[in-house]
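The structure under discussion appears below in the form of structure tokens.
Both counts, for ligands and for their atoms, begin at 1 and track the order of listing. The figures that follow rest on heavy atoms only: side chains count, while hydrogens, waters and symmetry mates do not.
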Amino acid sequence: MAPPSLNDFRNFAVTKGHGAKGISDLRLDALPDQYIQPPEERIDVTKVLDKEPRFFLVSDNGQKRLSDAVFLVVPVIDISNLDDPVVADRIAEAAEKWGFFQIVNHGVPVEVLENVKVAARRFFELPVEEKIKYTQENSPSKAVRLTTSFIPKADKVLEWKDYLSLFYVSDDESSKYWPAACKNEAMEFMNKSEFVIKWLLKVLMQRLNVEDLDSKESLLMGSRRINLNYYPICPNPELAIGVGRHSDVSTFTFLLQDHIGGLYVRKLETDFWIQVPPIPGSIVINVGDALEIFSNGKYKSAEHRVAANGNNNRISVPIFVNPSPGEIIGPLPEVLENGEKPIYKHVLYSDYVKHFYRKSHDGKLTVDFAKV
Ligand SMILES: COc1cc(/C=C/C(=O)SCCNC(=O)CCNC(=O)[C@H](O)C(C)(C)COP(=O)(O)OP(=O)(O)OC[C@H]2O[C@@H](n3cnc4c(N)ncnc43)[C@H](O)[C@@H]2OP(=O)(O)O)ccc1O
Ligand SMILES: O=C(O)CCC(=O)C(=O)O
Ligand SMILES: [Fe+2]
């Protein structure tokens, strides 16, 4: 296919199916205008807290003073002993104070993690004629969709990312419709993660006094979606963004990132961003909007984003653990038992998700859809 004319990059990436990878492969000297983010959406290094100790203004008996030095690190939790109550405490605390944490020694075999990253790369390296079979217009199933950016028709400026989104309906559907280049590895990652996903949910729910998970399985984790994200090498990465500021709409997200790095989380109640460093074999867990709503705001779905990279392609593979689309989500009765006032109302989960997909990434605004 002929390379795009200067003004035709959007058409080339979106309509013709070449994606950000197709543009990356052209090895342009400069980032096309269609990808240049306004300054406020670029990663501002002065707002990134990395490794250096920081001081915050705190209030002591009405007196303002600088806090002791704080090193900000997203919690890394060793979950090798699933029965240890200290582990459960750390998870609940991280979900409240950060909305983000990493788990290590989680029992998902390293080769399963490696295989799904290799498979993602294999899929994105297919010729465009193969990949285009999975775009919204051509896909054999609604459960499989290849997209570039986030929602190209809503995104005024495109994000520097391609993603294959696979909705899990059944093993049979996955085997029939998911692309051969990655389906076995994606299924294996989902299956081998199921045990730890259920255990995490149990721990998070126990702290909300929710004990009977069986009757709530469809509400809390009745559907799953796995995305294969590909962030190709970017000319002028400082002008672009891999994924813009957003919170996930899931109950929680079980995210595998490769060794490249670039995922940033906003420290709650501040304007500062902290990198979630790649740790070999770890999984990043982030609270999604549905869990923030179930917990009436006790657990926080933190805003996060991904930088573009000028030297390396990056892969990440989130499993979004979601309510069933037909469930009504709202603060759980157990959470409101003590007379706490609900800050969220009840909404149909598929309406909530459609609201998310109707607009570009906009930080934490999606959750306003469910605010009282
Ligand atoms: C950060 O960058 C991201 C993040 C994400 C996803 C993050 C998540 O947290 S995913 C959790 C999503 N939840 C679910 O998957 C729940 C189960 N799914 C559903 O309930 C349904 O798929 C549905 C979302 C309710 C849509 O189904 P349906 O009622 O049949 O309507 P549709 O016509 O298919 O879609 C409505 C509307 O949404 C757009 N859309 C749907 N799915 C996707 C998708 N996977 N990717 C992109 N857009 C999607 C669709 O285009 C429709 O819009 P129209 O304008 O065409 O009407 C994901 C990607 C990131 O980059
Ligand atoms: O690539 C990453 O590390 C995170 C991607 C992400 O936030 C998402 O897909 O929702
Ligand atoms: Fe996300």
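Contacts of His246 with ligand 2, taken as heavy-atom pairs under 4.0 Å, involve the side chain alone. With a 4.0 Å heavy-atom cut-off, ligand 2 is reached by the side chain of Leu255 but not by its N, CA, C or O. Heavy atoms of Tyr231 found under 4.0 angstrom from ligand 2 belong exclusively to the side chain. No part of Val284 comes within 4.0 Å of ligand 2, judged by heavy-atom distances.
Under a 4.0 Å criterion applied to the non-hydrogen atoms of Val306, ligand 2 contributes the atoms 1 (O), 2 (C), 3 (O), 4 (C). In summary, the atoms of ligand 2 found under 4.0 Å from a heavy atom of Pro318, numbered by their order in the structure, are 9 (O). Using a 4.0 Å cut-off to heavy atoms of Asn229, the atoms of ligand 2 that qualify are 5 (C), 9 (O). Using a 4.0 Å cut-off to heavy atoms of Asp248, the atoms of ligand 2 that qualify are 10 (O). Close contacts between ligand 2 and His304 involve ligand atoms 7 (O) [criterion: under 4.0 Å to a heavy atom].
The heavy atom nearest to atom 2 (C) of ligand 2, out of those in Ala307, Ser316, Pro278, Gly242, is found in Ser316.
Of all the N, O or S atoms in Asp248, the one closest to the Fe ion (ligand 3) is OD1.
Residues Trp160 and Ser24 are in side-chain contact: their nearest non-hydrogen atoms beyond the backbone lie under 4.5 Å apart. Using a 4.5 Å heavy-atom threshold, the side chains of Asn309 and Pro237 count as separate.
For the residue pair Asn296 and Glu340, a side-chain donor N or O sits within less than 3.5 Å of a side-chain acceptor on the partner.
No close placement of the Phe320 and Tyr168 rings is indicated, their centers lying 6.0 Å or farther apart.
The only option from Gln37, Arg305, His361 that meets the side-chain hydrogen bond (donor to acceptor under 3.5 Å, both in side chains) definition with Glu159 turns out to be His361. Tested against Lys364, the residues Glu303, Glu292, Glu269 include a single salt bridge (Lys or Arg N to Asp or Glu O under 4.0 Å) partner, Glu292.
Between Phe123 and Tyr134, the two ring planes are perpendicular [angle over 60°; tilted spans 30° to 60°].
Annotation: cation-pi pair Lys267/Trp98 present, NZ/CZ under 6.0 Å from the ring centroid and within 45° of its normal.
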